[in-house]
Amino acid sequence: MSAKEQIEALRKELHQHNYNYYVLNQPTISDYEFDQKMHELEELEQQHPEYADPNSPTQRVGSDLNQSFKQVPHKYPMLSLANTYNEGEVRDFYERIRSGLEGEDFDIVAEMKYDGLSISLTYVDGKLTQAVTRGDGVVGDDVTANVRTIRSIPLQLKEGSGYPHEFEIRGEILMPWTSFEALNAEREAKEEPLFANPRNAASGTLKSQKSELVAARKLDAYLYYLIVPENASVQQPSLGGMADLFGGVEEQPFSNDYHYEGLMQAKQWGFKISEGMKKCKTIDEILDFINYWDKERKNLPVATDGIVLKVNSLRQQRHLGYTAKSPRWAIAYKFKAERECTRLNEVTYQVGRTGAITPVANMDPVQLAGTIVKRASLHNADIIEELDLYVGDMVYVEKGGEIIPKVVGVDKSQRVPGMQKVAFITTCPECGAPLVRYEGEAAHYCPNDSGCPPQIKGRIEHYISRKAMNIDSLGPETVDDFYQRGLIHDIADLYTLTVAQVAGYNKNRVVSATKAVQAIQDSVNVPFERVVFAIGIRFVGETTAKLLARKFKSMDALRQASLEQLLDVDGVGQVIAESVIRYFADAKNNDIIDRLAAAGVQMRMSDEELADHTDKLAGQSIVISGVFERHSRDEYKAMIEKHGGKNVGSISAKTSFVLAGDNMGPAKLEKAQKLGVKIVKEDDFLQMLT
Ligand code: IVH
């Protein structure tokens with residue numbers, strides 16, 4: 001056998017073992033044997049780089065290269081489903097289908113609604129070529145490199161299994177409960193923030209810039225929607241006859257007429273298909289399915305939040321059609337949030353970066369929607385008052401699909417005499433300062449911003465974060481360490497750090513310390529608008545920081561701006577303007593700014609940036625819609641901002657114009673026409689700016 005043949009044979013074999021293990025859950029060889037074969041393949045591939053293939057099973061490990069995601073338009077928009085919450089609404093759906101189909105016989109497919117994030121996979125000639133997230137339904141992120149690491153997604157479909165030359169298949173990427181709990185346990189040990197639920201964990205993982213990390217996090221995927229273009233063809237192994245003369249295969253048209261049968265075929269090609277799908281004829285069969293899975297879903301390895309009902313025949317689906325947002329031929333039934341009763345032992349309080357105090361209920365651990373819950377946010381003093389909470393109360397805890405568990409009520413019948421009503425604290429649990437409550441705000445605050453440790457550390461963490469100064473060789477642990485060792489008290493102190501200080505007496509730390517100090521020094525080149533965001537003025541987010549930077553152009557001008565001048569900036573209201581004034585009225589902040597400036601941090605817009613910016617679109621609100629040819633959406637967004645305009649999400653009477661590409665959504669088009677909002681084509685827009 002030649003090396004090439006050997007490599008191909010090993011790849012094929014390993015694809016099959018992956019499938020047996022991750023899709024069928026039925027491995028036929030030991031992990032050890034699998035590793036041996038993988039190793040063998042790796043070595044061969046190393047010796048023969050000319051046969052490299054991104055779809056090789058060895059590539060599942062991912063890479064630590066940074067990737068930023070390309071935005072790609074969906075060939076077919078990714079729609080969402082209308083939700084129903086009770087039996088009555090499900091019956092209504094069934095009746096709508098029945099009358100819509102005018103007496104024709106129909107089947108409804110009932111299946112699990114997976115609670116992860118949706119993905120669209122493209123296969124060409126049996127190979128995975130692209131994986132795109134839902135995004136806004138029209139354009140999504142190309143996450144192919146990350147998706148390749150998910151073992152249950154086939155990179156190569158089974159040969160001769162009859163797949164069409166080209167198709168898309170959509171489904172849900174999920175983090176199984178076991179991986180989720182292991183990940184959070186690991187994060188807890190490292191004092192890293194926990195993920196609230198497997199969906200957030202899966203989403204955070206899939207959007208990671210490093211596919212190596214994605215590979216380590218063990219995601220899974222179920223597929224539930226097959227899209228085969230019309231006139232698709234398939235290579236079938238020939239059953240003899242003329243075609244044998246041409247290599248033993250025959251081209252045949254591929255017909256995809258039914259949802260259920262289509263997915264059953266996809267299962268043969270190698271996909272992991274939604275468990276427990278059922279074709280139903282009557283409404284009673286549908287309701288039985290719902291009731292069965294409402295309980296049984298707790299035994300599934302992944303999170304589900306409902307049942308999806310779909311008309312089986314694709315011809316009937318086309319007949320029923322779509323509303324602006326979702327198909328008329330399908331609907332989601334959402335399970336009720338799970339609720340448990342447990343004892344409240346104590347209310348503790350957390351202090352955030354801004355000094356905001358969050359009360360937390362500490363309870364007897366209770367099993368809820370797949371995880372063990374022992375803490376829940378109580379949000380603020382008003383909510384505690386409304387619940388009328390006593391320490392020792394039996395409380396009801398609920399967990400919806402997305403949210404952190406919350407206390408929704410109290411079983412007052414279980415109260416015993418002598419229990420204490422929960423009294424909100426009056427001083428900061430971290431530094432002892434008396435708390436304040438600003439007018440119109442629900443939260444209490446610790447006002448000791450320059451002396452309260454979590455606030456000091458929080459501000460430094462914000463300063464180094466990715467969207468601010470992006471000093472990525474530091475993290476929350478290093479900040480905590482430097483603070484504990486007395487090396488830093490505020491953001492300006494970062495620039496005084498030396499390698500000797502950071503490494504301490506530890507020789508082994510010199511390399512990482514040098515890297516950290518260098519990264520801090522490099523941050524002096526970060527553009528001014530990000531500095532405005534990084535210094536952490538309350539209520540000044542990324543977008544507002546840009547507006548302020550562009551309007552005032554230097555820190556000195558911003559520092560001297562009056563309330564009126566600030567309010568004059570489009571997008572800056574009373575709360576933000578007052579907060580900016582308050583920030584610069586504080587001598588400590590001015591001192592920090594002066595020390596940052598002395599360290600070389602950018603305190604004004606560079607000449608280049610200034611030259612790039614004009615007022616051509618000043619005061620205009622612009623909506624972007626459709627798919628573009630010359631630039632990406634993000635580039636257009638940046639252009640609008642550079643020229644003083646504002647990119648807004650939805651069309652209203654205040655919209656100046658719509659920057660429209662191809663395939664602008666019909667709903668948007670109608671709205672624009674109704675309100676008389678101008679539509680500007682890509683080329684004309686670029687013309688406006690020249
Ligand atoms: S079908 C045109 N089937 O729910 C129909 N969606 O609200 C396309 N989802 O974005 C979707 N399980 O992320 C379908 N068995 C299932 C599903 C499912 C979960 C998600 C999907 C979609 C959302 C719709």
Side-chain angles (χ1 to χ4, degrees), residues 74-85 89-90 93 97 107-121 131-141 143 147 150 152-153 167-176 197-200 202-203 206-207 219-228 256 258-260 262-264 266-267 271-280 286 289-290 293-294 296-297 300-314 316-335 400-402 665:
H74 290 293
K75 222 170 177 179
Y76 315 91
M78 283 183 87
L79 302 175
S80 58
L81 298 171
N83 286 327
T84 57
Y85 297 90
E89 289 173 332
V90 174
F93 167 73
I97 299 298
D107 283 333
I108 297 278
V109 181
E111 57 194 56
M112 303 312 303
K113 183 170 188 323
Y114 291 100
D115 192 14
L117 53 142
S118 33
I119 191 82
S120 191
L121 309 173
V132 185
T133 62
R134 189 181 125 84
D136 62 1
V138 180
V139 182
D141 283 330
V143 290
V147 164
I150 302 176
S152 50
I153 292 185
F167 66 93
E168 263 183 71
I169 190 161
R170 292 179 179 175
E172 207 83 350
I173 292 187
L174 301 136
M175 184 177 285
N197 55 48
R199 173 152 49 76
N200 289 3
S203 158
L206 199 70
K207 298 281 171 72
L219 298 173
D220 202 351
Y222 287 86
L223 287 311
Y224 47 64
Y225 191 46
L226 177 65
I227 310 177
V228 182
N256 180 36
Y258 295 95
H259 168 67
Y260 183 89
L263 287 182
M264 287 305 138
K267 200 172 190 169
F271 291 105
K272 190 163 187 169
I273 299 301
S274 172
E275 284 173 49
M277 285 207 300
K278 184 167 190 266
K279 270 200 280 188
C280 303
I286 294 173
F289 184 91
I290 290 179
W293 282 106
D294 196 357
E296 200 49 40
R297 71 191 182 105
L300 291 175
V302 294
T304 53
D305 62 345
I307 297 292
V308 178
L309 303 173
K310 299 173 185 165
V311 170
N312 193 31
S313 150
L314 303 197
Q316 290 179 337
Q317 288 185 2
R318 285 190 290 271
H319 177 75
L320 292 161
Y322 296 81
T323 70
K325 272 194 290 189
S326 50
R328 288 203 179 85
W329 46 265
I331 206 155
Y333 166 83
K334 301 272 273 192
F335 294 128
E402 50 215 59

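All of these numbers come straight from a predicted model, not from anything done at the bench. We count ligands from 1, going down the list as the structure has it; atoms in each ligand are counted the same way.
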Quiz item: Does Asp305 come within less than 4.0 Å of Arg199, counting only side-chain N to carboxylate O?
Solution: no
Quiz item: Which residues pass the ring pair (Phe, Tyr, Trp, His ring centres under 6.0 Å) test with Tyr333, sequence neighbours left out?
Solution: none
Quiz item: Which protein heavy atom lies closest to atom 2 (C) of ligand 1, and at what distance to 0.1 Å?
Solution: Pro327 CG, 3.7 Å
Practice problem: Could you walk me through whether Tyr260 and Met277 pass side chain to side chain contact (heavy atoms under 4.5 Å, CB included), step by step? | Solution: CA-CA 8 Å; Tyr260 183 89; Met277 285 207 300; 3.9 Å; yes
Practice problem: Among all protein heavy atoms, pick out the one at the shortest distance from atom 5 (C) of ligand 1; state its residue, atom name and that distance to 0.1 Å. | Solution: Leu81 CD2, 3.8 Å
Quiz item: How far apart are the closest heavy atoms of Asp115 and Glu172, and which atoms are they?
Solution: C-OE2, 4.2 Å
Quiz item: Closest non-hydrogen protein atom to atom 3 (N) of ligand 1, residue and atom name please, with distance?
Solution: Lys310 NZ, 3.0 Å
Quiz prompt | Proximal ligand 1 atoms for Met112, defined as those under 4.0 Å from one of its heavy atoms | solution = 12 (N), 15 (N), 16 (C)
Exercise. Between Tyr225, Tyr224, Tyr114, Tyr76, flag the one that comes closest to atom 22 (C) of ligand 1 by a heavy atom.
Key: Tyr224
Quiz item: Which one of Lys113, Lys334, Glu111 has a non-hydrogen atom at the shortest distance from atom 4 (O) of ligand 1?
Solution: Lys113
Quiz item: So is Ser118 polar-close to ligand 1, meaning N/O to N/O under 3.5 Å?
Solution: yes
Quiz item: Got a donor-acceptor contact below 3.5 angstrom from the Arg134 side chain to the Met78 backbone?
Solution: yes
Self-check item: Non-neighbouring partners of Tyr222 that pass side chain to side chain donor-acceptor pair (under 3.5 Å), sequence neighbours left out
Solution: Glu275
Practice problem: Starting from atom 13 (O) of ligand 1, locate the nearest protein heavy atom and write down its residue, its atom name and how far away it is, to 0.1 Å. | Solution: Glu172 OE1, 2.8 Å
